[in-house]
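Notes follow the structure.
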2 protein chains.
Amino acid sequence: MAQPLDLSNYLPYLINRVGFALVENFTAAADLKKSGLTIDMWRVLAALSNRGEQRQVDLSGMTSIDVSTMSRLVSRLVRLGCVTRSRSEKSSREVVVAITPKGRALMQRLIPIARELERTASAGLSAKELAVAKSLLARMYKNFAP
Amino acid sequence: MAQPLDLSNYLPYLINRVGFALVENFTAAADLKKSGLTIDMWRVLAALSNRGEQRQVDLSGMTSIDVSTMSRLVSRLVRLGCVTRSRSEKSSREVVVAITPKGRALMQRLIPIARELERTASAGLSAKELAVAKSLLARMYKNFAP
DNA sequence: CTACAACTATTGCAAACGCAACAATTGCCA
DNA sequence: TGGCAATTGTTGCGTTTGCAATAGTTGTAG
């Protein structure tokens, strides 16, 4: 007879809860709807802005979005003028997605809001505690990615 | 000119990443498909198993699942025989969702796997570090709740 | 060099989602 | 008490999702 799970002390539950709160808060604070963006589009733009142009499969890996969804999502971002999609030079089965000036301008508006979100989430935590939290999360992730 | 976001050191990104890894790992390890469950159904059953019978709106709050989705999700769980849905006695606009013996039996199989998931995620972390991680996540959540 | 496996992206399709509208009930305050 | 706002759940509807199948390309073993 397994003991019941105490959810309020169960790691996956705690993470899911905070994750949703972060999404909700950011979506509202950044007023993503106004820009015609979803949270997933934001993630793709953030990845492109941070790591430069990438293949769809790489974006998929970074954001945990399915490749078929990514294909359609990039199409929408192209339609919005935030990214370009072009055939790779080194391999014509790949495409390369890159952020446009318009996409970059959007990020200039959103990044400060994203930073503010992190501050809100970590209010009452010392800088050291926030760093510890990040470090622990990074170590947890590694436990799945070997 | 805002500085670019360093994703690998950005809290929401780290949480999203670990969250997805947890879902993926658990779905596979528990072979949810075999039981006809989705991860959201698991969450609902876990909430019921942990906190006892609840209204749909409460389950919705606990799991971050939209109320309309919850309505249909409970219907599916009823069809599977894992929960019952009945009108509340104190308020006839509310329904009360409760887990059934069959649902409980399912949980007996899944809970050990859930515990194992937590161990996998926290491999290489001391018990104290895991406790710290949970505590920090709980504090972060509170920053959004009030 | 050839054949076959792996990789990358796209599309078809059924299922699931979320918002908005609605119905039914309850709470509240004036 | 009467009426109006809030709560709870369900359904309609258009959109989105993820899996599977497909096409096209590249890598590789023999």
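Protein chains get the first letters and strands the later ones, always in sequence-line order, with residue 1 at the start of each.
Contact footprint of chain A on DNA chain D: nucleotides with an atom under 4.0 Å from a non-hydrogen protein atom, first to last in 5' to 3' order, D:dT16 to D:dT26.
With sequence neighbours left out, the side chain to side chain contact (heavy atoms under 4.5 Å, CB included) criterion links B:Ser135 to B:Arg139. Every residue was checked against the side-chain hydrogen bond (donor to acceptor under 3.5 Å, both in side chains) condition with A:Asp31, not counting sequence neighbours, and none meets it.
For the residue pair B:Asp66 and B:Ser68, a side-chain donor N or O sits within less than 3.5 Å of a side-chain acceptor on the partner. With no hydrogens or angles considered, no side-chain donor-acceptor pair links B:Ser64 and B:Arg43 at under 3.5 Å.
Screening residues 106-118 of chain B for salt bridge (charged side-chain N to carboxylate O under 4.0 Å, His left out), with sequence neighbours left out, gives B:Glu116-B:Arg119, B:Glu118-B:Lys134.
Nucleotide C:dC7 holds its P atom 11 Å from the CZ atom of A:Arg55, rounded to whole Å.
In this structure, B:Phe144 and A:Glu24 have side chains that are not in contact, with every pair of non-hydrogen atoms separated by 4.5 Å or more.
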Checklist entry - How does protein contact run along nucleotides 16-29 of chain C, one letter per nucleotide 5' to 3', with B for base contact, S for sugar-phosphate only, - for none, heavy atoms under 4.0 Å? => result SSBB-----BB---

Compile the donor-acceptor pairs under 3.5 Å between side chains in residues 92-106 of chain B and protein atoms, sequence neighbours left out, one pair per line.
from     : atom 1 : to       : atom 2 : distance (Å)
B:Glu94  : OE2    : B:Arg55  : NH1    : 3.2
B:Thr100 : OG1    : B:Gly81  : O      : 2.6
B:Thr100 : OG1    : B:Cys82  : O      : 3.0
B:Thr100 : OG1    : B:Lys102 : N      : 3.4
B:Thr100 : OG1    : B:Gly103 : N      : 3.1
B:Lys102 : NZ     : B:Leu80  : O      : 2.9

Checklist entry - Would A:Thr27 and A:Trp42 count as a side chain to side chain contact (heavy atoms under 4.5 Å, CB included) if you check the C-alpha gap in whole Å, the side-chain angles of each, and the deciding distance to 0.1 Å? => result CA-CA 9 Å; A:Thr27 302; A:Trp42 148 259; over 6 Å; no

